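As the structure is a prediction and not an experimental result, all values here were calculated from the model. Convention: sequence-line order gives letters A, B, ...; per-chain numbering from 1. Atom set for the values below is all heavy atoms of this structure, side chains included, hydrogens, waters and symmetry mates excluded.
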Number of protein chains: 2
Amino acid sequence: MPSSTRARLPVADDPATCCAPMTAGVLDVADAEELAHRFKALGDPTRVRLVSLIAAAPGAEACICDLTEPVGLSQPTVSHHMKILADAGLVRREQRGRWAYFTVQREALDALARTLGEPATAAPRRSGGGLTT
Amino acid sequence: MPSSTRARLPVADDPATCCAPMTAGVLDVADAEELAHRFKALGDPTRVRLVSLIAAAPGAEACICDLTEPVGLSQPTVSHHMKILADAGLVRREQRGRWAYFTVQREALDALARTLGEPATAAPRRSGGGLTT
DNA sequence: CCCATTGATTTACATTTGTCAATGCGTGGT
DNA sequence: ACCACGCATTGACAAATGTAAATCAATGGG
């Protein structure tokens, strides 16, 4: 599982392939940054709310205009938050006619969940963490 | 689950009982704030790294002095990050003699993972892997 | 073709965040 | 009692973040 060749790409490349489990060995810096980037996207109540709203919307999709009122924020602000979520690969944006429909990237959420939950592999204990950047 | 009476407490009250799944209905504001609070704690590469370092440390515990060098930050800064993680209930602090040992609150991570993963309504519990309480 | 509608960008600004140096506070060894 | 050690707190400061007003770009209906 070579992950050291991971760049600062917009991430959304493959949202389902995130990183190694957080608790199954010391994450290298790149993975830690990648994970933190996604967690940070969920680190705001409004954005958590937005994801939840989209997931619960009819058809599991919603446009900006559907979201501004429930969260009580201006359209530019909601658009800004959605961009952050999209850049993190947590939602997908699909332009359809005049509207931009957003859907939840469930695979990305699952991948994130996997990095938090019990490590899939029995984590071979590594002694001495000589980490030298 | 009445959660509207939830204040800005240090959260760590019961880290395993977090919130309803993000994608199984619209989260109320309180739950969204609670979730965001925890995600935000993981929204920094250093803190992700710290959790990973603790989990991988011998005995799955570590003191600040074990952590400063791997992350390459000053002791006050690491202490600051650990406070944020502890306030979010993601790690537990245990003063033992002169040292403060930190351990990962795996239940909190699992609870967080559960709010991300498939909503409890559909998929039954994972049958293969030893289910833990 | 004109114009209303949807959403993204830009600009601006107050607040929060990450970091370190300096300092304070317990604990334990001598 | 004293002092070294481990860690938390305070103060300070640059950088990032959340938000809104104003503006821009594109689409679709008359």
Side-chain angles (χ1 to χ4, degrees), chain A residues 8 10-12 29 32-33 35-51 53-54 57 59 61-88 90-103 133, chain B residues 8 10 12 29 32-33 35-51 53-54 57 59 61-88 90-103:
Chain A
R8 257 350 47 215
V11 165
V29 178
E33 282 182 15
L35 270 183
H37 182 220
R38 300 181 179 202
F39 283 130
K40 193 189 302 196
L42 291 175
D44 179 277
T46 297
R47 290 196 288 270
V48 168
R49 205 102 197 302
L50 286 171
V51 171
L53 281 164
I54 295 170
E61 65 181 12
C63 60
I64 300 282
C65 56
D66 291 332
L67 300 171
T68 51
E69 195 219 298
V71 301
L73 293 175
S74 70
Q75 175 266 314
T77 299
V78 173
S79 193
H80 170 68
H81 283 307
M82 290 312 299
K83 177 174 174 52
I84 289 176
L85 286 170
D87 283 352
L90 303 180
V91 304
R92 204 176 20 175
R93 181 183 178 281
E94 188 198 345
Q95 189 81 29
R96 215 150 68 216
R98 210 150 49 156
W99 292 266
Y101 288 92
F102 291 89
T103 54
T133 318
Chain B
R8 266 326 65 201
V29 177
E33 282 183 15
L35 271 183
H37 182 220
R38 300 182 179 201
F39 282 131
K40 192 189 301 197
L42 291 175
D44 179 277
T46 297
R47 290 197 286 270
V48 169
R49 206 99 193 305
L50 286 171
V51 171
L53 282 164
I54 295 171
E61 64 180 12
C63 60
I64 301 283
C65 56
D66 290 332
L67 300 171
T68 51
E69 196 218 297
V71 299
L73 293 175
S74 70
Q75 174 266 312
T77 299
V78 173
S79 193
H80 170 68
H81 282 308
M82 291 311 300
K83 178 174 173 52
I84 290 176
L85 286 170
D87 283 352
L90 303 180
V91 303
R92 203 176 20 173
R93 182 182 178 281
E94 187 197 346
Q95 189 83 27
R96 214 149 69 216
R98 214 152 43 160
W99 289 266
Y101 288 92
F102 290 89
T103 55

Checklist entry - A:I64 CD1 to C:dT9 P: how many Å, rounded? => result 11 Å

Item to check | Under the side chain to side chain donor-acceptor pair (under 3.5 Å) test, residues paired with B:T77 that sit two or more places apart | outcome: B:S74

Checklist entry - Do any N or O atoms from the side chain of B:R47 and from the backbone of B:A41 form a donor-acceptor pair under 3.5 angstrom? => result yes

Checklist entry - Which of these, B:V51, B:L90, B:V91, sits in a side chain to side chain contact (heavy atoms under 4.5 Å, CB included) with B:M82? => result B:V91

Between protein and nucleotides 20-27 of chain C, what N or O pairs are separated by less than 3.5 Å?
residue : atom : partner : partner atom : Å
C:dC20  : OP2  : B:S74   : N            : 3.0
C:dC20  : OP2  : B:S74   : OG           : 2.9
C:dC20  : OP2  : B:T77   : OG1          : 2.7

Next on the checklist: From CD of A:E33 over to P of C:dG18, roughly how many Å is that when rounded to an integer?
Outcome noted: 14 Å

Checklist entry - What's the CG-P distance between A:L67 and C:dA8, to the nearest Å? => result 11 Å

Checklist entry - With sequence neighbours excluded, what pairs up with A:R49 under the side chain to side chain donor-acceptor pair (under 3.5 Å) test? => result none

Item to check | Distance, rounded to the nearest Å, where A:M82 contributes CE and C:dT9 contributes P | outcome: 13 Å

Checklist outcome for this item: When rounded to whole Å, the CH2 to C1' distance for the pair A:W99 and C:dA4 reads 12 Å

Next on the checklist: What is the distance, to the nearest angstrom, from the CG atom on B:L85 to the P atom on C:dT17?
Outcome noted: 14 Å

Checklist outcome for this item: Residues passing the side chain to side chain donor-acceptor pair (under 3.5 Å) test with B:Q75, sequence neighbours excluded, are none

Checklist entry - Contact boundaries of DNA chain D with chain A (under 4.0 Å, heavy atoms), 5' to 3'? => result D:dT17 to D:dG28

Next on the checklist: Any base atoms under 4.0 Å from B:R96, or only sugar-phosphate, or nothing? Heavy atoms, all strands.
Outcome noted: nothing

Checklist entry - Which is true for A:Y101 with a 4.0 Å heavy-atom rule: it touches a base, it touches only sugar-phosphate, or it touches nothing? => result nothing

Checklist entry - Of all the nucleotides listed (C:dA8, C:dG7, C:dT19), which has the minimum atom distance to the side chain of A:C63? => result C:dG7

Item to check | Partner set under side chain to side chain donor-acceptor pair (under 3.5 Å) for B:R93, not counting sequence neighbours | outcome: B:Q95

Item to check | d(NE2, A:H80; C1', C:dA8) in whole Å | outcome: 12 Å

Next on the checklist: Between A:R96 and A:E61 (salt bridge meaning N to carboxylate O under 4.0 Å), is one present in this structure?
Outcome noted: yes

Item to check | Donor-acceptor contact below 3.5 Å, side chain A:R38 vs main chain A:E33 | outcome: no

Checklist entry - Taking C-beta and beyond as the side chain, do A:L53 and A:V71 meet within less than 4.5 Å on heavy atoms? => result yes

